Amino acid sequence: MILDWLLPTLIATLILLAGIGAIRRANLWRAGQAEKVDILAGLMAMPKRYLHDLHHVVERDKYMSRTHVATGGGFVLAMVLVVLVHLLEINSQILAWLLLAALVMMFCGAVFVFKRRLNPPSRLSKGPWMRLPKSLLTFSLTFFILTLPAAGILPDSFGLGEMGQILLGLVFGVLVLLSLGEMLFGMTWGGPMKHAFAGALHLAFHRRPERFGGGRSTGLKPADLGGDSHGVAKPEDFKWNQLLGFDACVQCGRCEAMCPAFAAGQPLNPKKLIQDMVVGLAGGTDEKYAGSAYPNVEVGKAVGSPTQVITEGLVSADTLWSCTTCRACVEECPMMIEHVDAIVDMRRFLTLEKGDTPNKGAEILENIIATDNPNGYAPGSRTHWAADQNLSVMKDVKKVDVLFWVSDGAFDMRSQRILRAFVKLLKAAKVDVAILGDEERDSGDVARRLGDDATFQSLAKRNLATLSQYEFNTIVTTDPHAFHCLRNEYQDFDEQGALQEVEVLHHTTFLNRLMEQGKLSVAEFMGGKVTYHDPCYLGRYNGEYESPRALLSGLGIEVAEMERSGYRSRCCGGGGGAPITDIPGERRIADMRMEEVVATGAELVAVGCQQCTAMLEGVVEPRPQVRDIAEIMADQLVEGAA
C-alpha cells in the first residue's frame, strides 16, 4: 500500500524540516547578548515549570486551561506514539490503542479550540491562528483513522483494492502534510505552533528562574555602566533568552486586556510590542500581524532587523514612555514573558545614550541629581514636616528598632498628612522609631523607571552608605515605590551589608502586626461604604494584598471590592514616571480607576500609596473621598487603650 512508505516518509521529512527550522530559530536568538544559564538544570526543570508553574497562571482562564491540557497534552503524547507506531513501525496493538486514546483526547481539546475561534474575543490575534483548530482536528482525525489497522480494528490496507489504496494514500498524504506540517514545520518556522517550541525553551532558560516554584522576582536587573553603550538600542542588544522569550508569545492578548495604557488609548499594546520585538529579531515588517494595533497607530509600517535601532522604524518612543510599569501584563502572561524589563531596557538607551526623555523627564532627572529629590526642593527642607512631631533622628540615636523611611512625601503637603497620621499610630503603639532626617535621599525609583540607571545606582549606593552607619531591625515606609526599591533592588549594590538581616515593610504590613499584637486599639469606622485600591508596587510587585484589607476589617469595614482588585487591580496611572513623560491618550487612567471606585457605590476609597492618593484625588469632583489607611486608622485611634 502506498501509505506503507508514504506515511513514514512524510513524518521523517517533516521532523527533519522541523529540526532545521529549530536550528535556524535558535541562531536568531543567539544574535542576542550573552546570559549565563544552567542549561541542564533548566531542561530538567522545564516539565515541572510547564505542568505546574505555567498552569498556575493559565488556570485563571479555566476554559483555556482544560482545553490546553487536552489539546497540548494529547498532541505531545500522540506525537511520541506516532513516531513509534508509524515511523519506526513497532508492531504493538498496545501502542496503537494508546495512540488512539491520545488522539481522542487531543480531538476533544481541539473541538473546544474550534468553538473558541467561532466568535473569538477581540484580544485574540486572528490570521493564521484561525486555521489552527482545523489543523488540530485534521491531525487527530487523520492519524486516528490511519491507526485503526495497527490497533486491529480495521484490516490492513483498509481492505481496499489497489486503486482504492492509491486514492486513499493520496488523500491521507495531503491531510498528513497539511496537519502534521502545521504541528511540526510551523512549530519552528514561524506558524501559530511556534509558541510550543519557543515557549518550552523559554521556560527552561527563563531570565528569572526564581519566579518558578512559587517564587517572586520583580526587581529590575542593574544596567552595566561604563561600556560603549547603555540600554537596548537594537534587538541584538537584548539578552539571548529575552529574544527567546519574545518568540514564546501565544498572542492570547491577556496582557492587552489588562494594560491600563491600552485602555486609555495611549500608543501601547503589550502584545503588539512583543510581536514587534519578534519582527525585530527575525527581520521584516509587521504587515502580517493580525491582532489589535497600538491605539491610533496603523499596522503594516513597522520595519525592523536585529541590527536596526528599534525606535527608528519599529516601535515609537511614545509607545515605550506610555508604560506605567504596573506589571499587569507580566502578571497575566501565561508564558511568563517580562514586558516591563524589555521596556525599561529600551528606555535606558533613550535616556542614557540619547538624553531623550520626553516632557518633564529631563527636568526631573536634573532635579534628582542636583537636590536628591524629583521636584528640586531644598534638601534641608526634608524634615520641615516633622518639626512638631518630636521624632528621633538616626544620627543622634544611632540605634533603634524601627527606621521610618519617609520618602519624598516629606515635600508634599498632602502626603505630609499621611506621614503625620502614621507617626501618630507609631507613638500610640510605643514603637522605638527614628528617621534619617536630612541624610535620607530619594530612593531612585523614578530615575530607574525612566531609564536613568546611573542616577538610581548613585542614589542607592549613597543611601546604603548612610544606612550602614546605624543599627535597626526594620525599615518601614508609607511609599510602596521606595519600599520596592529598598526591598528588591538595593541588594544588588549593598556591598556593606547595610540591609542584611533587616526587614523592609510597608506601613500597612507593619500596622497590621501592631494590631495583631494588641498594641493599637481603634474604634469602629462609621463613615459609610469603603473600597480599597491595590497599589501596583505593593500588590503585584510585592504580593501584599492581605494586610491592608485586614486593617480595614479591624476597623469594622467590609471592603466593597472593585471589579479589578488584588493581582488584577488597575493602575492609578502614576507609576513608571508616566505622569512625568505624560504621553497623551484618549482618557486618563486615574479617571478610569475612579469610575471603578464609583461603580462599587463606595463613599471612600482607601489607599496605601501617596502616589495613588495624588492620582485619584486629581480626578475631578464629585467623586468619593480618597484617604490612606493610616489616616483612616489615626482618626479611629483609641489612645491609651492598648
Side-chain angles (χ1 to χ4, degrees), residues 18 22 25-26 28-30 32 34-80 102 105-106 109 183 187-188 192-221 238-255 258 270-271 274 277-278 281 327-342 488 540-543 567-568:
R25 207 72 198 175
L28 294 178
W29 305 328
R30 290 179 61 204
E35 174 96 321
K36 190 175 181 180
V37 299
D38 190 333
I39 291 181
L40 183 59
L43 290 173
M44 295 284 286
M46 191 256 286
K48 179 179 177 296
R49 291 175 181 179
Y50 177 78
L51 294 170
H52 180 267
D53 300 298
L54 193 67
H55 275 278
H56 148 74
V57 183
V58 177
E59 181 71 7
R60 294 171 186 169
D61 182 344
K62 295 194 183 301
Y63 181 100
M64 277 316 298
S65 170
R66 290 161 189 169
T67 297
H68 193 260
V69 167
T71 313
F75 169 70
V76 171
L77 182 57
M79 197 58 226
V80 171
M105 185 167 84
M106 182 183 173
M183 300 295 109
M187 192 179 289
T188 55
M193 284 296 288
K194 176 165 64 72
H195 73 278
F197 170 62
L201 294 179
H202 167 60
L203 294 180
F205 309 133
H206 200 281
R207 200 169 176 230
R208 294 177 181 269
E210 57 274 14
R211 283 189 67 189
F212 299 101
R216 179 172 291 277
S217 174
T218 57
L220 291 171
K221 295 182 181 295
F238 283 112
K239 302 294 185 186
W240 69 268
N241 48 358
Q242 282 182 289
L243 297 179
L244 166 59
F246 301 148
D247 240 1
C249 176
V250 295
Q251 299 193 44
C252 65
R254 285 165 67 163
C255 56
M258 289 295 128
K271 182 178 76 173
I274 295 301
M277 296 301 102
V278 173
L281 76 93
R327 210 175 163 80
C329 52
V330 180
E331 176 71 37
E332 202 65 25
C333 179
M335 292 306 298
M336 302 176 89
I337 296 170
E338 298 282 346
H339 311 66
V340 175
D341 282 5
N488 301 314
R540 275 190 291 272
Y541 273 84
N542 286 285
Y567 68 86
R568 280 183 167 157

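The shown structure was predicted, so the numbers you read here are calculated from the model rather than taken from an experiment.
- The main-chain N or O of Ala41 is found under 3.5 Å from a side-chain atom of Asp38 such that the two form a donor-acceptor pair.
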Q: Show your working on side chain to side chain contact (heavy atoms under 4.5 Å, CB included) between Leu203 and Leu54 and close with a plain yes or no.
A: CA-CA 9 Å; Leu203 294 180; Leu54 193 67; 3.9 Å; yes
**Q.** ring pair (Phe, Tyr, Trp, His ring centres under 6.0 Å) between Phe197 and Trp29, worked out
**A.** CA-CA 13 Å; Phe197 170 62; Trp29 305 328; 5.7 Å; yes
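- Separating the CZ atom in Arg208 from the NZ atom in Lys221 is a distance of 5.0 Å, to the nearest 0.5 Å.
- With sequence neighbours excluded, no residue satisfies ring-ring contact (aromatic ring centres under 6.0 Å, His included) with Tyr567.
- You'll find the side chain of Leu243 stays beyond 4.5 Å of the side chain of Leu28, heavy atoms only.
- Here the straight-line distance linking atom CG of Leu43 with atom CZ of Arg49 works out to 9.5 Å at 0.5 Å rounding.
- In terms of heavy-atom proximity, His202 sits nearest to Asn241 at ND1-O, 4.5 Å.
- Heavy-atom minimum distance, Cys249 versus Ile274: CB-CG2, 3.8 Å.
- Of all non-hydrogen atoms in Val250 and Pro334, the two that sit nearest each other are CG2-CG, 4.4 Å.
- Every side chain to side chain contact (heavy atoms under 4.5 Å, CB included) that Ala328 has, sequence neighbours left out, goes to Met258, Cys326, Arg540.
- With sequence neighbours excluded, the residues forming a side chain to side chain contact (heavy atoms under 4.5 Å, CB included) with Pro192 are Pro128, Trp129, Arg131, Leu132, Glu182, listed by chain and number.
- Proximity of a side-chain donor or acceptor of His52 to a complementary backbone N or O of Tyr50 within less than 3.5 Å is not detected.
- Rounding to the nearest 0.5 angstrom, the gap separating the CZ atom in Arg211 from the CD atom in Glu338 is 4.5 Å.
- One finds the NZ atom of Lys48 at 14.0 Å from the CE atom of Met46 (value rounded to the nearest 0.5 Å).
- The main-chain N or O of Thr67 is found under 3.5 Å from a side-chain atom of Thr71 such that the two form a donor-acceptor pair.
- Taking the six-membered ring where tryptophan is involved, the planes of Phe246 and Phe238 are perpendicular, since the angle between them exceeds 60° and thus also 30°.
- Partners of Thr218 under the side chain to side chain contact (heavy atoms under 4.5 Å, CB included) rule, at least two apart in sequence or in another chain, are Arg216, Arg327, His484, Asn488, Tyr541.
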Q | Residue pair Trp240, Arg30: steps toward the side chain to side chain contact (heavy atoms under 4.5 Å, CB included) verdict | A | CA-CA 5 Å; Trp240 69 268; Arg30 290 179 61 204; 5.7 Å; no
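- Put simply, NZ on Lys239 and CG on Asp341 are 12.0 Å apart, with the number rounded to the nearest 0.5 Å.
- Asp53 places no side-chain N or O within donor-acceptor distance of the main-chain N or O of Phe212, the cut-off being under 3.5 Å.
- Screening residues 62-80 for salt bridge (Lys or Arg N to Asp or Glu O under 4.0 Å), with sequence neighbours left out, gives Glu59-Lys62.
- Residues that satisfy the side chain to side chain contact (heavy atoms under 4.5 Å, CB included) test with Ala70, not counting sequence neighbours, are Met105.
- Look at Glu35 and Arg207 and you find a salt bridge, because one of the NZ, NE, NH1 or NH2 atoms lies within 4.0 Å of a carboxylate O, short of that distance.
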Q | salt bridge (charged side-chain N to carboxylate O under 4.0 Å, His left out) assessment of Glu331 paired with Arg254 | A | CA-CA 10 Å; Glu331 176 71 37; Arg254 285 165 67 163; over 6 Å; no
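- For Glu332 and Arg568, the salt-bridge test passes: some basic side-chain N is under 4.0 Å from an acidic carboxylate O.
- Atom NZ in Lys271 sits 13.5 Å away from atom SG in Cys329 (nearest 0.5 Å).
- In this structure the side chain of Val57 never reaches within 4.5 angstrom of the side chain of Cys333, judged on heavy atoms.
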(Q) Working note: Met335 + Asp247, criterion side chain to side chain contact (heavy atoms under 4.5 Å, CB included); need CA distance, chi angles, decisive distance, verdict. (A) CA-CA 10 Å; Met335 292 306 298; Asp247 240 1; over 6 Å; no
